[in-house]
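A short worksheet on the structure shown next.
Residue numbers begin at 1 in each chain, while the letters A, B, ... track the order of the sequences. Not measured: the values here are computed from a predicted model.
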Protein chains: 2
Amino acid sequence: MTTAQRPTLEAVARRAGVSRATVSRVVNGSTTVAEPIRAAVNQAVAELGYVPNLAARSLVTQRTDSIALIMPEAATRVFSDDQVFPGIIRGVSQELEAADKQLVLMLAGSPAGRDRVERYTTGRHVDGVLFASLHGADPLPARLARLGIPVVCSGRGLGDSPVPYVDVDHVGGVTRAVRYLIDSGRRRIATIAGPQDMVAGLARLTGYRDTVAAAGLPELVAYGDFTRESGAAAMRQLLDADPDLDAVFAASDLMAHAALRTLREAGRRVPEDVAVIGFDDIETAAYTEPPLTTVRQPILELGRAGTRQLLRIAAGETVEPALILPTELVLRASA
Amino acid sequence: MTTAQRPTLEAVARRAGVSRATVSRVVNGSTTVAEPIRAAVNQAVAELGYVPNLAARSLVTQRTDSIALIMPEAATRVFSDDQVFPGIIRGVSQELEAADKQLVLMLAGSPAGRDRVERYTTGRHVDGVLFASLHGADPLPARLARLGIPVVCSGRGLGDSPVPYVDVDHVGGVTRAVRYLIDSGRRRIATIAGPQDMVAGLARLTGYRDTVAAAGLPELVAYGDFTRESGAAAMRQLLDADPDLDAVFAASDLMAHAALRTLREAGRRVPEDVAVIGFDDIETAAYTEPPLTTVRQPILELGRAGTRQLLRIAAGETVEPALILPTELVLRASA
DNA sequence: TTGTATGCGTTATCAG
DNA sequence: CTGATAACGCATACAA
């Protein structure tokens, strides 16, 4: 284990026969350095394999060149089977890579984890914080914002906080889906709603309610938490409550997938007897039996957009308080 | 944007009426501090909301209290639909949380991303590096190890590098699966192999080959890359090559899922005509038509174990060069 | 047990 | 355009 001493600015300076300050200038791309000197320095850097010490740099610059992505750990469990979790991360990562910043990922599950996130972020160990899939009305984003720390929520949080957010057009997507069912002649349209402590759950339910109400149709609601198990249970409830229902909109593809099976087990044909539409457009949606009609949300873009906003704030710009990404109805065989 | 000046050790010291050194001792839990003084310091820390500056600390300690998790970006795409990606991350995250270290996630997709990873890790900006799902014979892990940087590979890399790794028992799992097919009376057992530039792809194919050979049965191989599309294509090839095959082992559940559909489209009943077994045990496996028999790998544990090994190395301990986690055959309806 | 002094590797402010 | 030199905030050897 040869802990090879890492070359410092000083070493490079000696080798190139210049001062530390000059090396620093070259390394940071200052334009006020004579060409031959710059070349000499660059050569020394290459020869020694010099890499700046980030700790030292950030001590003086007050920047860390890293941002934190906070996700409730539940998200990684609930969404383990869809693209939300990996999608957000990939989006964030892509945008960060372009900005040459690091991604510090924090999964806040336990209360201890929450504390840890709070300590870390309030401690200004990162240049900005991106929250994803917030549950309930978390006060942390607003607190960070008050401390002057750049914050963005990817997926709006509950409650009215002054924190900028990006989200997808839940209501618009659901409205299109339910209206499509209505236009296809469905009249007893049920919904499997998502968790009501998340905007994604609430907004999708609202979209359903408003649309069936506007058409003068009755509403029929059961609740799940986006998972398959909960979707199956909700579908059974719905069937019990109204054996004659002829369509169901599920607030997640996972729940829709489970509904498909539950309907089959109950002897219903999809889409002949009951039409089914989901939300997300996970990859599996194209492989269900029958393939699932669903509302696609641009999940990767959600991560990217949130990150872009965050970087802009960190750069001192001001950004629009809300950014809504479009959703799209993807027609397959289930409706 | 009130950039409230953050309190430093100095400020706490003044407030508590002691020296900086003493505050530092208390903050770092040194036992050689008199109780009343400790109390006074802790109170001052609380009142001022003091949080240590990590950059300053790591400048002097030479530690960063963070580790990097490197994943080829392809993994997040290919595995977007299964648990591998989120599972590893969750496992790593859990173990890191217990150790109070941060997770720096790097998705190395493009060549530029690779360079970035290399610069960052060789620059000793993290206390250790965990590689996941290596493709090909990446020289980076070995190079880091030579530089004295703690490294572990989660999922063994190709080639014989001296880098410690943790992996699952691919061969054992596949052997059990194929033997189960043989014991069920299947005689024309095909396989959809994974990418041959990854150990996961290679080892699973080896397990298949050895087992059918030992039983004196013919081998029938088509190749995929773990994705559904590739699985569908491979299944068609297989059917063309041997319309009478009566079983297929797919090296991933995604490919098995696609095979299920392809078989149905080809008029085969599963499991009556053709038995199907997958590998991974993703959540979707329980929801396919019919539910998929598969080899379960402990993916979360893979992340955890890798992280534990890494932390031990970083702590100066030596660890076993290889750690193999058991796999398990999960019987459902498809075989 | 506590305080003093030093240095970690950079960037930034000033002279020259 | 370049070179001293002073912070940045902390941990630690050493002295008291």
Side-chain angles (χ1 to χ4, degrees), chain A residues 3-42 44-45 48-66 100 119-120 122-127, chain B residues 3-42 44-45 48-66 100 119-120 122-127:
Chain A
T3 307
Q5 201 51 36
R6 190 145 65 104
T8 76
L9 217 46
E10 179 68 42
V12 177
R14 260 202 310 276
R15 176 143 194 149
V18 298
S19 77
R20 245 163 32 202
T22 299
V23 178
S24 177
R25 289 188 188 101
V26 173
V27 169
N28 292 294
S30 161
T31 51
T32 67
V33 177
E35 190 45 41
I37 296 213
R38 169 191 312 281
V41 170
N42 279 328
V45 165
L48 266 41
Y50 169 75
V51 182
N53 180 319
L54 262 34
R57 173 180 287 172
S58 103
L59 186 57
V60 41
T61 59
Q62 307 277 39
R63 290 176 307 110
T64 64
D65 288 322
S66 66
D100 200 33
R119 245 182 312 137
Y120 194 74
T122 58
R124 295 171 185 278
H125 299 320
V126 285
D127 294 344
Chain B
T3 307
Q5 200 52 34
R6 191 146 66 102
T8 74
L9 261 193
E10 180 67 43
V12 177
R14 260 201 312 275
R15 174 141 195 152
V18 297
S19 76
R20 246 166 31 202
T22 299
V23 177
S24 176
R25 289 187 188 102
V26 173
V27 168
N28 291 295
S30 162
T31 51
T32 67
V33 177
E35 190 44 44
I37 297 212
R38 172 191 309 281
V41 170
N42 279 328
V45 165
L48 265 43
Y50 169 75
V51 182
N53 179 318
L54 262 34
R57 174 179 285 173
S58 98
L59 186 56
V60 43
T61 60
Q62 306 279 35
R63 290 178 306 111
T64 64
D65 288 321
S66 66
D100 201 33
R119 245 183 311 135
Y120 194 73
T122 58
R124 295 173 185 277
H125 298 320
V126 285
D127 295 343

Please enumerate all protein N or O atoms sitting under 3.5 Å from an N or O of nucleotides 14-16 of chain C, with distances to 0.1 Å.
none

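- Sorted by first and then second residue, the pairs that involve residues 28-38 of chain B and meet salt bridge (Lys or Arg N to Asp or Glu O under 4.0 Å), not counting sequence neighbours, are B:E35-B:R38.
- Across all strands, A:V27 comes closer than 4.0 Å to no nucleic acid atom at all (heavy-atom distances).
- Taking the side chain of A:Q62 as heavy atoms from C-beta on, and the options C:dG9, D:dG9, C:dT11, the nearest nucleotide is D:dG9.
- Base engagement by A:L9 is indicated by at least one non-hydrogen atom pair under 4.0 Å involving a base atom.
- Here D:dG9 is the nucleotide among C:dG9, D:dG9, C:dT6 with the atom lying nearest to any side-chain atom of B:N53.
- Taking atom CG of B:N28 as the reference point, atom P of D:dC10 lies 10 Å away to the nearest angstrom.
- Across the protein-nucleic acid pair, A:R124 atom CZ and D:dG9 atom P stand 12 Å apart, rounded to whole Å.
- Distance A:L59 CG to C:dA12 C1': 13 Å, rounded to the nearest Å.
- At the heavy-atom level, A:V33 lies under 4.0 Å from the strands shown only through sugar-phosphate atoms.
- Closest to the side chain of B:T22, out of C:dT10, C:dT2, D:dG9, is C:dT2.
- If you take NE2 of B:H125 and P of C:dG9, they are 13 Å apart, rounded to a whole angstrom.
- Atom-to-atom, CG of A:L54 to P of C:dC8 comes out at 18 Å; the value is rounded to the nearest Å.
- Comparing D:dG3, D:dT12, C:dT10 by their closest approach to the side chain of A:S19 singles out D:dG3.
- Screening residues 49-59 of chain B for side chain to side chain donor-acceptor pair (under 3.5 Å) gives B:N28-B:R57 as the qualifying pairs, with residues at least two apart or on separate chains.
- Of all nucleotides listed (C:dT11, D:dT2, C:dG9), C:dT11 comes nearest to the side chain of A:S24.
- Legend: salt bridge (Lys or Arg N to Asp or Glu O under 4.0 Å) pairs involving residues 17-28 of chain B, not counting sequence neighbours, sorted by first then second residue: B:E10-B:R20.
- Atom CZ in B:R20 sits roughly 18 Å away from atom P in D:dC14 (whole-Å rounding).
- When each of D:dC10, D:dG3, D:dC1 is scored by its nearest atom to the side-chain atoms of A:T32, the top-ranked nucleotide is D:dC1.
- Of the residues in residues 34-41 of chain A, A:A34, A:I37 come within less than 4.0 Å of DNA chain D through at least one heavy atom, sorted by number.
- In the helix from C:dT1-D:dA16 to C:dG16-D:dC1, the rotation axis of the first five pairs and that of the last five pairs differ in direction by 40°, rounded to 10 degrees.
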